[in-house]
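For ligands, and for the atoms within them, numbers begin at 1 and follow the listed sequence. Since the model is a prediction, treat every value here as computed from it, not as a measurement. Numbers here simply count residues along the sequence, with the first being 1.
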Amino acid sequence: MGLFSKKPKSFTVKIQSTGDEIEVDSKTTILQAALDKGLAYPHRCRVGSCTSCKTKLVDGKIKELTDTAYVLSMEDIQGGAILACQSLPKCDLTIDVQLGEAQTEEFKGTITRLDTLTHDILGVTVALDRSIYYTAGQYADLSYEGLERPRNYSFAARSLPQGNREVRFHIRKVPGGEFTEWLFAKDRIGTELTVGGPFGDFQLKPATNPAVFIAGGSGMAPILSILESAGGDDLKRDAIYLFGARTQADLYALDEVKNATRKWQGKFEFIPVLSHEPEESDWPGRRGLVTDVINDIANLSEHHAYLCGPPGMIDAALDHLKASGIQDENIYFDRFTDSSHLLAGAPR
Ligand SMILES: Cc1cc2nc3c(=O)[nH]c(=O)nc-3n(C[C@H](O)[C@H](O)[C@H](O)COP(=O)(O)OP(=O)(O)OC[C@H]3O[C@@H](n4cnc5c(N)ncnc54)[C@H](O)[C@@H]3O)c2cc1C
């Protein structure tokens with residue numbers, strides 16, 4: 001270590017109800033330090049989405065790697081809740097959490113169908129050993145034998161009241177990504193997967209407000225599931241769906257969106273927006289970033305917003321939505337994070 005390189009400070013984090021003490025340095029999350037110590041700290045996604053590691057901060061101050069205000073309810077926040085996977089200590093802390101793994105169900109799955117949706121997104125259909133009950137918008141953990149850590153994928157099809165024996169995902173290839181490089185490497189039909197879930201509380205909340213859905217790339221998956229599963233009063237809401245893609249080659253599931261919204265009784269507008277479409281092409285629709293189009297929506301502040309896709313797009317859209325006056329508690333999102341930011345140990 002060089003003469004002037006700073007050693008991260010170390011703090012003691014005490015779990016009130018069990019008396020366990022964990023030494024956590026200022027660059028390590030509470031969850032990581034607890035797992036390193038061998039504690040059965042509840043967790044799933046590790047990226048601030050599933051809220052399984054919700055913890056009460058009894059005393060002390062933390063630094064959040066990501067703003068957790070959108071995944072925690074107002075009641076949680078007022079009660080001092082933090083997410084251990086996103087929290088770095090700034091001093092000695094007292095926290096409280098019920099140790100023991102988060103309740104999960106595991107299913108045996110077999111890949112039964114693969115559809116090329118775009119040059120880098122596969123539609124993956126998986127038959128399960130029994131029915132899974134999920135709410136549209138939720139996600140599952142997928143893993144194959146030998147993969148160290150499962151990866152998160154949103155359910156992409158209608159959730160059936162009688163449960164789904166078959167589930168579908170839209171999986172985008174991440175260059176250098178372990179799971180997706182494996183999936184795309186050869187025909188995986190017949191391969192067994194373990195499917196865990198369902199997780200997350202990204203889902204359509206009952207309201208009469210108009211809705212704005214914003215998705216990028218495979219962020220289409222949970223929005224399509226929400227649109228296909230919507231019924232009753234959901235259908236009376238006016239809704240706008242902004243779908244961001246680079247070029248026409250990245251657009252997909254357009255017929256599915258059209259079919260899903262045929263039943264809509266309120267106004268429904270679907271607006272694909274292309275950021276890198278060649279100028280000379282025949283594309284008659286919107287060009288630019290999805291975020292450019294957000295500001296064109298009339299009475300935006302009255303909308304409830306649902307966002308899914310790459311973290312960069314979500315963060316940019318959140319800035320626009322907040323500036324428009326939409327209340328924080330009316331914005332719901334799932335950031336499609338991968339492990340790159342965790343490996344670097346850097347905040348996103
Ligand atoms: C709630 C949720 C829902 C999601 N739903 C979907 C969905 O429906 N569809 C979808 O396509 N995606 C979805 N995602 C994103 C998806 O989970 C990730 O894209 C996926 O985990 C990538 O897995 P991978 O194994 O291919 O890549 P990873 O192995 O996670 O790698 C990701 C990146 O990190 C880099 N990397 C790997 N190891 C190292 C290292 N040691 N040092 C530096 N860099 C490294 C890789 O090169 C790669 O670029 C979702 C994410 C979340 C959180």
Near Ser154, which atoms of ligand 1 are under 4.0 Å from a heavy atom of that residue?
3 (C), 4 (C), 5 (N), 6 (C), 7 (C), 8 (O)
Counting from 1 in the order shown, the ligand 1 atoms closer than 4.0 Å to a non-hydrogen atom of Gly177 are 24 (P), 25 (O), 26 (O), 27 (O), 28 (P), 29 (O), 31 (O), 48 (C)
With backbone taken as N, CA, C and O and side chain as the heavy atoms from C-beta onward, which portion of Ile171 lies under 4.0 Å from ligand 1: side chain, backbone, both, or neither?
backbone
Of the choices Leu122, Asn152, Leu142, which has the non-hydrogen atom that lies closest to atom 53 (C) of ligand 1?
Asn152
Under a 4.0 Å heavy-atom limit, does Glu181 contact ligand 1 with its side chain, its backbone, both, or neither?
neither
Do Met220 and Glu256 come close enough that some side-chain heavy atom pair is under 4.5 Å?
no
Relative to Phe155, does Arg168 satisfy both conditions: NZ or CZ under 6.0 angstrom from the six-membered ring centre, and within 45 degrees of the ring's axis?
no
Within the 4.0 Å heavy-atom shell around Tyr139, which atoms of ligand 1 are there?
1 (C)
My understanding is that we take every heavy atom of each candidate and find the minimum distance to atom 26 (O) of ligand 1. Doing that for Thr337, Thr180, Asp120, which one comes out nearest?
Thr180
Heteroatom distance test (Ser218, ligand 1): nitrogen or oxygen, under 3.5 angstrom:
yes
So which bit of Tyr153 gets within less than 4.0 Å of ligand 1, heavy atoms only: side chain, backbone, both or neither?
both
Only heavy atoms count here, so choose which of Arg172, Arg151, His170 is nearest to atom 23 (O) of ligand 1.
Arg151
Any salt bridge between Asp76 and Lys54, counting N to O under 4.0 Å?
yes
So which of Tyr134, Tyr139, Phe179 actually passes ring-ring contact (aromatic ring centres under 6.0 Å, His included) with Tyr153?
Phe179
Which residues satisfy the salt bridge (Lys or Arg N to Asp or Glu O under 4.0 Å) test with Asp25, sequence neighbours excluded?
none
Just checking, Arg188 and Trp182: is the charged tip under 6.0 Å from the six-membered ring centre and within 45° of the axis?
yes
Ala156, portion touching ligand 1 at heavy-atom distance under 4.0 Å:
neither
Taking it one step at a time, do Phe202 and Tyr332 satisfy ring pair (Phe, Tyr, Trp, His ring centres under 6.0 Å)?
CA-CA 6 Å; Phe202 179 77; Tyr332 310 93; 7.6 Å; no
